[in-house]
K.L.:
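Below you'll find the structure I mean.
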Amino acid sequence: MTGKLNVQKLKETLKYIESKHKELKRQGQNDTRSLESMLKYLKKDMIEQYNLSDHHVSIKQEMKDTETFIENVKTIIEINS
């Protein structure tokens, strides 16, 4: 494992992703492409910025499902707190 995970910053980033995910769910059938692409970018950025692959082996494969991604990040935070 490389270095100490910045858990506090990761928590803040996760809260932001959760809020955008809720917003996406509320939008329903409206045009949600911009929100979806923003979430995809944010998740990819989080994985790289926090080296999440070092903490969770399959996080990249599970990235498409935002709810699973959020749960995995919560687990990583729990383990590293």
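Sequence positions, counted from 1, serve as the residue numbers for this chain.
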K.L.:
To the nearest 0.5 Å, what is the distance between OG (S19) and CG (L24)?
P.N.:
11.0 Å

K.L.:
Can you run down the salt bridge (charged side-chain N to carboxylate O under 4.0 Å, His left out) pairs that involve residues 38-48, sequence neighbours left out, and say none if there aren't any?
P.N.:
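Qualifying pairs, neighbours excluded: K44-E48.
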
K.L.:
Go through the structure and list residues passing side chain to side chain contact (heavy atoms under 4.5 Å, CB included) with S53, not counting sequence neighbours.
P.N.:
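S53 satisfies side chain to side chain contact (heavy atoms under 4.5 Å, CB included) with I47, I59, K60 once adjacent residues are dropped.
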
K.L.:
Check the surroundings of atom CD in E78: do more than 12 heavy atoms from other residues, nucleotides or ligands lie under 6.0 Å from it?
P.N.:
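No, CD of E78 has 12 or fewer neighbouring heavy atoms, counting only those of other groups under 6.0 Å.
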
K.L.:
Partners of R26 by salt bridge (Lys or Arg N to Asp or Glu O under 4.0 Å), sequence neighbours excluded?
P.N.:
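Once residues adjacent in sequence are excluded, R26 has no partner under the salt bridge (Lys or Arg N to Asp or Glu O under 4.0 Å) criterion.
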
K.L.:
Kindly write out the residues that satisfy side chain to side chain donor-acceptor pair (under 3.5 Å) with K20, not counting sequence neighbours, or none if the list is empty.
P.N.:
E23

K.L.:
Write out all pairs satisfying salt bridge (charged side-chain N to carboxylate O under 4.0 Å, His left out) with one or both partners inside residues 64-76, taking only residues at least two apart or from two chains.
P.N.:
E18-K74, K25-E67, E71-K74

K.L.:
Under the side chain to side chain contact (heavy atoms under 4.5 Å, CB included) rule, collect the residues that match up with S34, sequence neighbours excluded.
P.N.:
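In terms of side chain to side chain contact (heavy atoms under 4.5 Å, CB included), with neighbours along the sequence ignored, S34 is linked to no residue.
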
K.L.:
What residue among I77, T75, I76 forms side-chain contact (heavy atoms from CB on, under 4.5 Å) with I79?
P.N.:
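Answer after filtering I77, T75, I76: T75.
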
K.L.:
Side chains of M46 and F69: closer than 4.5 Å at any heavy-atom pair?
P.N.:
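Side-chain contact under 4.5 Å: yes.
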
K.L.:
Looking only at heavy atoms, which two atoms of H55 and Y50 are closest? And how far apart?
P.N.:
CD2-O, 3.9 Å

K.L.:
Using the test side chain to side chain contact (heavy atoms under 4.5 Å, CB included), find all partners of Q8 that sit at least two apart in sequence or belong to another chain.
P.N.:
N6, K11, E12

K.L.:
For Q49, what residues pass the side chain to side chain donor-acceptor pair (under 3.5 Å) criterion, not counting sequence neighbours?
P.N.:
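Partners of Q49 under the side chain to side chain donor-acceptor pair (under 3.5 Å) test: none.
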
K.L.:
List for me each residue that meets side chain to side chain donor-acceptor pair (under 3.5 Å) alongside S58, sequence neighbours excluded, and say none if there are none.
P.N.:
E62

K.L.:
Tell me, do D54 and L5 make a side-chain contact under 4.5 Å, heavy atoms counted?
P.N.:
no

